[in-house]
Novice: 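Mind looking over this structure? Questions follow.
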Amino acid sequence: MAITLLSIAIVVAALVIRTAVAEVRQPGSGRKHWRFLTNPRALATGALTGLLLGLLAWTTAGPVAAAWAVLAGALVAYVAGTDERDG
């Protein structure tokens, strides 16, 4: 379980570092990268994805896989919120 949580932390850290590098290159771009956190449609899509994958993962592989489902839900929310970011 510790290795799984460490792996998830590394993925999240990579996303934060990516945002920081983009912010250094173009000030104000960091806010655009994380705008999905205020988009209700993106959050609902990510939450539903995380919930469904989490339930499926918990029943098949246990709580370790459910942690990956939560990360997948967050990434789906990020992708669902990209329509505002590109404009």
Side-chain angles (χ1 to χ4, degrees):
M1 175 111 175
I3 292 176
T4 298
L5 294 178
L6 180 63
S7 301
I8 292 172
I10 290 171
V11 170
V12 171
L15 292 174
V16 171
I17 290 169
R18 178 179 176 254
T19 301
V21 170
E23 182 70 26
V24 168
R25 289 184 181 166
Q26 182 181 4
S29 65
R31 185 175 296 142
K32 292 178 186 176
H33 281 278
W34 294 93
R35 187 177 294 162
F36 74 96
L37 291 174
T38 59
N39 183 344
R41 185 181 63 87
L43 287 178
T45 303
L48 182 63
T49 302
L51 179 67
L52 293 176
L53 284 175
L55 289 173
L56 180 66
W58 190 286
T59 58
T60 58
V64 174
W68 283 105
V70 171
L71 179 64
L75 293 176
V76 167
Y78 179 80
V79 171
T82 57
D83 56 345
E84 292 180 14
R85 192 171 34 259
D86 292 338

Novice: For Gly54 and Ala69, which heavy atoms make the closest approach, and how far apart are they?
Specialist: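 Taking every non-hydrogen atom into account, N-CB, 3.3 Å.
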Novice: Restricting to non-hydrogen atoms, name the atom on Trp68 and the atom on Ser7 that form the minimum distance, rounded to 0.1 Å.
Specialist: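 Shortest heavy-atom separation between Trp68 and Ser7 comes out as CZ2-CB, 3.7 Å.
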Novice: Looking at every non-hydrogen atom in both residues, tell me the closest pair between Ala66 and Trp58 and how far apart they are.
Specialist: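 It is CB-CE3, 3.7 Å.
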Novice: Could you grab the distance from atom OH of Tyr78 to atom CG of Leu37, nearest 0.5 Å is fine?
Specialist: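 Here the interatomic distance stands at 10.5 Å.
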Novice: If you look at every heavy atom in Gly81 and Ala42, which pair is closest and at what distance?
Specialist: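 In this case the closest contact between Gly81 and Ala42 is N-CB, 3.8 Å.
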Novice: With rounding to the nearest 0.5 angstrom, report the CG to CG distance, Leu15 to Leu75.
Specialist: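 One gets 6.0 Å once the value is rounded to the nearest 0.5 Å.
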Novice: Do you know which two heavy atoms are closest between His33 and Ala22, and how far apart they sit?
Specialist: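 Reported closest heavy-atom pair: NE2-CB, 3.6 Å.
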Novice: Could you state the interatomic distance from CG (Leu53) to CG (Leu48), rounded to the nearest 0.5 Å?
Specialist: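 Result: 9.5 Å between the selected atoms.
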Novice: To the nearest 0.5 Å, what is the distance between CG on Leu55 and OG1 on Thr60?
Specialist: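 It is 10.5 Å, given to the nearest 0.5 Å.
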Novice: Considering only heavy atoms from C-beta outward, does the side chain of Val16 approach that of Trp34 to under 4.5 Å?
Specialist: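 The answer is yes, as the side chains (C-beta and beyond) meet within the 4.5 Å cut-off.
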Novice: Can you see which heavy atom on Ala67 is nearest to which on Leu5, and at what distance?
Specialist: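 Answer, listing the atom of Ala67 first, then Leu5: CB-CD2, 4.4 Å.
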